[in-house]
Number of protein chains: 2
Amino acid sequence: MSKALNGTGQISAGTRQRILAAAAETGFKPNELARSVFERRSYTVGMITTDSFERFSVPVMLGAEDALGAGRISVFLCDSRDDPIREKHYIDVLQGRRVDGFIVTGRSSNVRQPLTVEPGTPVVYALTPSADPTDCSIVVDDAAAGRIAGEHFLRMGRSRIAHVTGPEHFDAARERASGLQDALAAAGTSLIAPTFYGGWGEEWGRQAGQMLLRAHPDVDAIYCGSDLVARGVGDSMRELGRHVPRDVALIGTDNWEIVATGARPPLTTVDTGLSEVGRIAAERLLDAIAGRQHAGIERVAPHLVIRGSTDSTGAA
Amino acid sequence: MSKALNGTGQISAGTRQRILAAAAETGFKPNELARSVFERRSYTVGMITTDSFERFSVPVMLGAEDALGAGRISVFLCDSRDDPIREKHYIDVLQGRRVDGFIVTGRSSNVRQPLTVEPGTPVVYALTPSADPTDCSIVVDDAAAGRIAGEHFLRMGRSRIAHVTGPEHFDAARERASGLQDALAAAGTSLIAPTFYGGWGEEWGRQAGQMLLRAHPDVDAIYCGSDLVARGVGDSMRELGRHVPRDVALIGTDNWEIVATGARPPLTTVDTGLSEVGRIAAERLLDAIAGRQHAGIERVAPHLVIRGSTDSTGAA
DNA sequence: CTGAAAGCGCTAACAG
DNA sequence: CTGTTAGCGCTTTCAG
């Protein structure tokens with residue numbers, strides 16, 4: 001009897017107990033599907049990632065799944081592989097299952113085309129904002145990431161600062177660069193050299209480190225667009241006789257734990273708060289499902305994780 | 001009308017077309033939930049991971065999701081965080097949603113307690129086999145991984161072979177070690193030193209590399225239990241004046257692309273075929289749902305990916 | 001406060 | 001071949 005199980009309707013405490021006991025004994029489990037048919041909602045959301053759960057979407061998903069699970073909502077997992085056909089397929093299937101909403105995530109922080117869903121189905125974009133500014137998007141505050149890194153260098157007294165990062169066509173790369181420049185400008189200084197745009201991997205870090213040192217042997221601090229780049233840069237510094245952090249301080253980005261802590265010295269890095277992005281996205285989606293729509297792009301503040309590459313008192 | 005949409009029952013081609021057209025025009029989407037209530041199954045499975053989607057469970061999940069999606073089955077995502085309470089909670093919720101089955105995965109290859117589910121609900125274990133041998137488990141063939149690495153070293157003419165790997169309490173570590181020993185024994189030789197059990201990270205690799213070189217300066221090949229260990233070992237080799245692969249050849253494990261390819265030289269590594277594990281697990285689950293139960297532990301063959309750390313003709 | 005009845009959207013079986 | 005009906009398991013409403 002649903003009245004007993006849900007405590008709804010009018011029923012006496014006595015019979016309620018009796019029914020509950022009987023249910024427990026029988027091992028009765030209500031069929032949530034049937035309830036969903038009646039309620040016209042499924043307490044279920046679809047999470048669509050475009051990038052096969054690379055290291056960026058995973059923390060976002062985890063944060064989202066966590067927040068959603070607390071609201072007793074289950075999560076459907078979909079890997080669209082950046083393929084519009086697959087994406088449409090998943091949307092169709094999940095709408096057939098009457099999901100209450102969608103969270104869309106992916107690797108890049110560049111804008112993406114909005115999802116085409118049944119009108120009334122809420123969608124929240126995490127990490128990759130929707131091109132439609134009236135959609136709800138949660139992203140990393142990349143400018144703040146650059147600023148934080150710059151301020152930390154200034155605070156530790158470094159002044160000959162350089163920046164090595166990913167390809168220029170990534171919004172994230174350009175915004176971090178401008179955040180860093182802003183921080184330096186606010187202190188009346190500027191980058192020792194134009195930003196080195198290139199790639200996100202170790203190899204680019206090594207190359208850029210060498211180029212940088214050749215052009216500016218007196219560099220004393222380098223902000224890197226990823227932890228991998230930072231490792232590559234660090235390797236090249238050591239090879240060319242520079243000590244990290246004494247001669248050159250290094251800050252990475254991502255706080256990819258296993259990479260950052262495995263480095264020698266462990267990397268100080270800007271944690272972009274991806275699981276926070278996921279958590280907030282989930283909350284916004286829950287709000288939207290409850291009828292409280294959010295609109296616009298919300299930027300999540302990153303934070304600095306200090307380790308040996310900027311702190312000589314820390315681990316070697 | 002369901003007859004038209006599903007092509008079931010008896011209906012003329014004419015009216016069928018007419019109904020289909022009307023449905024397309026209206027944008028009609030059948031409610032799969034209602035169908036599921038009737039069918040008593042949901043075309044949905046639960047994927048439970050114990051380890052928050054570390055790099056081991058992600059490829060497994062991807063492989064599984066891929067195979068399941070082809071069978072038009074959606075996947076519920078659950079992160080139990082190795083917490084029995086959370087696990088039970090997820091199982092209850094998903095059984096309430098009448099999932100057709102479960103796939104359980106996690107980081108370690110050690111056996112785990114079987115899931116407690118409603119009788120009749122199929123469960124397949126991926127990566128972490130069930131303690132119950134009548135359950136269906138798909139795992140990596142770790143002994144084969146060790147064998148493959150050993151045979152590759154022998155083939156390239158190395159004979160003073162060592163092994164640095166993770167903690168001894170991991171089944172995977174011990175089995176790879178014994179597989180490697182078997183391969184050497186088959187060629188009438190043996191390890192130059194007892195297996196170095198320790199950890200899975202770079203730091204352990206560096207330590208072990210130093211210890212190894214001190215005790216056995218003439219070592220010419222090292223099989224490592226993870227790509228991170230291999231990187232650590234490689235770093236220590238170079239620091240102590242050994243060239244990789246000329247003086248010492250290196251094989252890692254996992255084929256964690258970004259780590260293996262970012263190394264200098266890029267790492268030859270044993271790919272443990274995790275997405276294959278996931279794919280097969282999904283197929284076995286589909287079979288079980290269809291009434292064809294599988295039982296026992298199935299081992300998936302790993303394969304070698306050759307890069308510069310064993311091949312001096314390759315990248316430097 | 002209780003039990004019966006109607007309906008959520010679908011499918012199968014059934015007369016017409 | 002067609003349209004109607006009963007029923008999947010649940011919740012809500014409405015007489016008793």
Side-chain angles (χ1 to χ4, degrees), chain A residues 1-46 71-74 76 91-101 117-121 289-291, chain B residues 1-46 71-74 76 91-101 117-121 289-291:
Chain A
M1 208 54 171
S2 65
K3 302 182 197 174
L5 280 307
N6 304 323
T8 171
Q10 7 204 48
I11 194 174
S12 74
T15 40
R16 174 148 203 272
Q17 290 306 331
R18 194 166 45 77
I19 295 184
L20 252 38
E25 195 155 350
T26 331
F28 174 80
K29 288 235 182 78
N31 184 337
E32 297 294 337
L33 260 35
R35 182 210 297 261
S36 295
V37 172
F38 181 86
E39 280 203 60
R40 273 88 157 268
R41 61 170 291 198
S42 61
Y43 293 93
T44 273
V45 309
R72 318 205 103 268
I73 288 195
S74 299
F76 278 120
I91 293 171
D92 284 348
V93 169
L94 294 191
Q95 299 247 42
R97 296 192 194 290
R98 298 298 187 265
V99 290
D100 300 341
V117 297
E118 295 285 301
T121 308
I289 292 171
Chain B
M1 209 56 170
S2 64
K3 301 183 201 176
L5 280 308
N6 305 323
T8 171
Q10 11 204 44
I11 195 174
S12 74
T15 40
R16 176 147 202 271
Q17 289 306 331
R18 195 167 43 77
I19 295 185
L20 252 37
E25 195 155 350
T26 329
F28 173 79
K29 287 235 185 76
N31 184 337
E32 297 295 334
L33 260 36
R35 184 211 296 262
S36 295
V37 172
F38 181 87
E39 279 202 60
R40 272 86 157 265
R41 60 169 293 198
S42 61
Y43 293 92
T44 274
V45 309
R72 317 205 105 267
I73 288 196
S74 298
F76 278 120
I91 294 172
D92 285 347
V93 170
L94 293 191
Q95 300 247 44
R97 296 194 195 288
R98 298 295 186 267
V99 291
D100 300 340
V117 297
E118 296 285 300
T121 308
I289 291 170

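So you know, we letter chains A, B, ... as the sequences are listed, proteins then strands, and number each from 1. Side chains included, hydrogens not; waters and symmetry mates left out as well; all remaining heavy atoms used.
Separating the OH atom of A:Y43 from the P atom of D:dC10 is a distance of 15 Å, rounded to the nearest angstrom. In this structure, B:F38 places its CZ atom 20 Å from P of C:dG7, rounding to the nearest Å. What separates NZ of A:K29 from P of D:dC8 is a distance of 21 Å, to the nearest Å. Rounded to a whole Å, the CZ atom of A:R98 is 12 Å from the C1' atom of C:dC8. Here D:dC10 presents its C1' atom at 14 Å from CG of B:N31, a figure rounded to the nearest Å. Taking atom CG on B:L33 and atom P on C:dC8, their separation rounds to 16 Å, with Å as the unit. Atom CZ of B:R41 and atom P of D:dC8 are 19 Å apart (whole Å).
Atom CD of B:E118 has more than 12 neighbouring heavy atoms from other residues, nucleotides or ligands inside a 6.0 Å radius.
Nearest to the side chain of A:V37, among C:dC10, C:dG9, C:dG7, sits C:dG9. Considering only side-chain atoms of B:R40, the nucleotide from D:dC8, C:dG9, D:dC10 that sits closest is D:dC8. When each of C:dC10, D:dC10, D:dC8 is scored by its nearest atom to the side-chain atoms of A:R35, the top-ranked nucleotide is D:dC10.
Side-chain contact between A:S36 and A:R98 is absent, with no heavy-atom pair separated by less than 4.5 Å. Looking at B:E32 and B:Y43, their side chains never come closer than 4.5 Å, going by heavy atoms from C-beta outward.
The CD1 atom of B:I91 lies 10.0 Å from the OG1 atom of B:T121; values are rounded to the nearest 0.5 Å.
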